[in-house]
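Down below is the structure, laid out as structure tokens.
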There are 2 protein chains.
Amino acid sequence: MQLGEEDIVLKTISDVAKLAGVSRASVSRVINNVPTVNEEIRKKVLKAMDELGFIPNVSARNLRTKQTKTIAVIVPLISNTFFSRLVQTMGIEAEKLGYKLLICQSRNIEKDELSFLDLLKTRQVDGVVMASVRNSWKKIKNYLQYGPVLMCNESFLDEEADIPSIKIDHEYGGYIAAQYLIKQGHKRIAFCISGDDSRSGLERKKGFLRAFQEFEIPFDESFVMNNAFDIESGREIFYQLLGLHERPTAVFTGSDEVAVGIISEANKNGVKVPEELAVVGFDDNPIAKIIQPSLTTIYQPIDDIAKTSIECMVQVLKGEKDFSSIKSVNLSIRLIKRESA
Amino acid sequence: MQLGEEDIVLKTISDVAKLAGVSRASVSRVINNVPTVNEEIRKKVLKAMDELGFIPNVSARNLRTKQTKTIAVIVPLISNTFFSRLVQTMGIEAEKLGYKLLICQSRNIEKDELSFLDLLKTRQVDGVVMASVRNSWKKIKNYLQYGPVLMCNESFLDEEADIPSIKIDHEYGGYIAAQYLIKQGHKRIAFCISGDDSRSGLERKKGFLRAFQEFEIPFDESFVMNNAFDIESGREIFYQLLGLHERPTAVFTGSDEVAVGIISEANKNGVKVPEELAVVGFDDNPIAKIIQPSLTTIYQPIDDIAKTSIECMVQVLKGEKDFSSIKSVNLSIRLIKRESA
DNA sequence: CTTATCCGAGAAATCGATTTCTTGAACCAA
DNA sequence: TTGGTTCAAGAAATCGATTTCTCGGATAAG
């Protein structure tokens with residue numbers, strides 16, 4: 001028993017009704033601002049609520065109204081700066097619109113991802129925004145019947161996948177990065193990806209390869225570097241690049257962190273950036289300007305992605321928009337030229 | 001009406017009971033693994049649940065059990081790397097212990113902070129971890145009657161504040177930073193703080209000043225830099241430092257980001273670090289190793305702080321520990337010497 | 001063989017709101 | 001005066017679980 005616990009008696013709507021001398025229904029009407037309620041009754045109820053320090057029990061309301069005013073967002077891990085920025089803006093936007101944001105970290109584990117989607121089934125959240133997808137379309141599809149699921153900066157390669165997505169054009173991002181490097185005379189360009197189950201990574205690769213095709217340059221699959229997701233993995237990749245029998249003259253990473261890890265290690269090993277190794281990142285993270293040489297990268301409108309996703313989800317939840325009518329949107333990106341390439 | 005919405009009929013415990021030919025109570029017993037339930041009944045219920053694809057409604061359970069298995073954590077903004085790391089670990093730890101973590105961003109707004117504490121009153125969360133505090137002890141105190149509130153890396157200067165805190169010793173951190181710089185011969189050292197309502201910042205300042213006293217060096221209050229919280233503000237502070245009539249030879253910041261902003265701008269302006277301006281950070285963020293020159297900083301055991309906070313909260317919520325019996329803990333920190341000082 | 005005890009499962013109450021249904025007063029028209 | 005509307009407010013049902021209460025059968029003790 002906690003100290004003072006016995007003193008706390010949470011007041012219910014019935015207590016308020018009794019004190020005000022009205023019915024529970026009337027109290028509920030006052031709480032929910034039903035306009036037809038008589039001014040005198042409203043006053044009595046308000047006074048009673050105030051006297052008792054009444055606070056409505058949200059679980060009871062959730063049960064009855066079948067909604068929780070909560071949106072879940074699934075990300076791999078939140079400490080990655082892209083995701084922390086994304087989730088920060090989503091949280092603020094959700095708050096503004098009267099919703100709570102439940103942040104779920106899947107750690108890229110398929111099973112965990114699904115267990116977070118279960119929040120929909122168990123009615124703990126009203127909708128889910130997936131900023132990370134590892135499961136197949138077939139698995140995800142099943143959840144759509146329980147509530148709206150929105151993709152955020154991710155999508156399915158699967159042609160038949162029919163789900164809206166708020167994202168940037170990753171394919172185009174890969175394309176302009178490769179094009180820029182090729183035009184600077186590079187022919188051996190490495191490509192970094194977090195894993196072969198990264199949807200956005202694969203799309204970037206698609207665009208990347210398209211540029212190679214367009215310029216009729218062959219691409220060597222051994223130049224694909226896996227497990228690239230943070231500074232530390234960037235460091236390791238630098239050494240892998242060194243070890244390749246034909247060393248690439250440039251590298252394109254799916255995140256600024258990886259790029260920074262590579263540059264940092266290059267600096268330590270006396271490999272000159274960009275002369276001996278050009279580096280292009282992705283995101284335009286604050287460290288892109290800090291690192292020396294500063295990082296050429298592809299700017300992503302994170303706040304836009306976040307805001308649009310939440311706005312869209314809330315519109316659906318409020319019934320202002322039909323889920324099936326949501327159009328996927330591609331937000332624009334651009335190459336930011338700095339010193340590293 | 002959404003497509004297919006009319007098809008979804010969520011099954012309830014009554015449906016399961018009917019199909020299995022048992023009472024609702026028995027179904028509930030099976031769900032909650034009550035050991036006394038007959039094996040045959042258990043099987044029938046399990047089979048029925050499976051057949052119907054039954055998923056329990058959590059709002060109903062929450063209402064009845066008066067708990068939500070959710071912990072709220074209040075942070076200023078999540079994109080700050082310290083807080084994103086903190087919250088990442090908290091989230092994973094909470095998940096492990098069967099709890100959800102609701103991340104609340106106060107943006108250092110007092111009113112918002114209180115409105116998140118209201119989640120306790122409305123029974124939307126079982127407990128609150130405050131990793132950011134702007135309100136006075138008097139205000140916070142009122143919420144303790146509604147559930148456990150734990151401080152995380154923050155505390156009240158107010159002597160009578162009686163609330164447990166899992167934190168590092170900020171005072172000591174400020175002390176060792178100042179001591180280190182003073183021993184290197186610095187006498188004019190600037191001190192950065194996010195604002196004069198930052199509890200942890202004020203504690204660091206206390207320790208910082210203690211070192212000055214110990215070495216009998218006067219401290220000039222004009223060397224206190226306010227509004228220091230991210231890279232950008234670090235940049236601005238660099239120029240403020242330049243503008244001081246007697247330029248400091250060293251600066252101690254409350255976060256690595258601020259330090260990095262200062263160093264970055266120093267590099268651009270040809271001010272040599274550490275020769276002309278020594279810099280000491282706080283946290284040991286990954287960028288501390290990346291920046292050139294690398295950053296001397298004070299290591300904080302973020303994961304420890306996060307894990308301990310959540311473990312502690314869960315123990316209280318599970319009734320394994322009495323809230324009033326929780327002891328505040330000070331986790332150890334240490335100076336990491338690199339090139340910037 | 002009878003009575004006391006135990007125990008598992010069903011019946012019913014409960015959590016605290018919202019929402020539907022019902023009622024009676026007020027008002028108007030015939 | 002009577003019958004028909006209208007409408008605000010009260011009564012009761014409802015959301016979907018958990019938990020307490022109750023009961024009857026099985027077992028043990030006398």
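The model shown is predicted, which means the values in this text are computed figures rather than measured ones.
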Rounded distance in Å - CD1 (I31(B)) to P (dA9(C)): 15 Å
Any N32(A) side-chain nitrogen or oxygen under 4.0 Å from OP1 or OP2 of dT18(C): yes
Nearest to side-chain heavy atoms of S28(B), which nucleotide of dT18(D), dT18(C), dG16(D): dT18(D)
Rounded distance in Å - CE (M49(B)) to P (dG16(D)): 17 Å
Protein-nucleotide distance (L52(B), atom CG; dG16(D), atom P), rounded to Å: 14 Å
Spacing of I166(A) atom CD1 and C312(A) atom SG [to the nearest 0.5 Å]: 4.5 Å
Separation of dT18(D) P from R61(B) CZ (nearest whole Å): 5 Å
5'-most by nearest nucleotide on DNA chain D - R24(A) or A25(B): R24(A)
OP1 or OP2 of dG16(C) under 4.0 Å from side-chain N/O of T12(A): no
Sugar-phosphate only, base, or nothing, as touched by N62(B) at under 4.0 Å among non-hydrogen atoms: nothing
R123(A) (side chain) and dG16(D) (base): donor-acceptor pair under 3.5 Å: no
K66(B) vs dG16(C): side-chain N/O to OP1/OP2 distance below 4.0 Å: yes
Nucleotide nearest V22(B) when distance is taken to its side chain, options dG10(C), dG16(D), dT19(C): dG10(C)
K18(B) NZ to dA9(C) P, straight-line distance once rounded to whole Å: 21 Å
Residue-phosphate contact under 4.0 Å: S26(A) side-chain N/O, dA9(D) OP1/OP2: no
Trace of the side-chain contact (heavy atoms from CB on, under 4.5 Å) decision for Q124(B) with T70(B): CA-CA 8 Å; Q124(B) 297 188 78; T70(B) 304; over 6 Å; no
Distance in angstrom units between I13(A) CD1 and dT19(C) P, rounded: 11 Å
Separation between NZ of K18(B) and NZ of K11(B), rounded to the nearest 0.5 Å: 9.0 Å
Short side-chain donor-acceptor distance under 3.5 Å, D118(B) and Y143(B): yes
Spacing between I55(A) atom CD1 and dA17(C) atom P, to the nearest angstrom: 10 Å
Whole-Å gap separating P (dA9(C)) and CD (E39(B)): 11 Å
Pair of N/O donor and acceptor under 3.5 Å linking dT14(D) base with R64(A) side chain: yes
Pairwise 5' ranking along DNA chain C for R29(A) and L63(B), keeping only the more 5' one: L63(B)
Closest contact, heavy atoms only, F83(A) versus L77(A): CB-O, 3.7 Å
Sugar-phosphate only, base, or nothing, as touched by V37(A) at under 4.0 Å among non-hydrogen atoms: sugar-phosphate
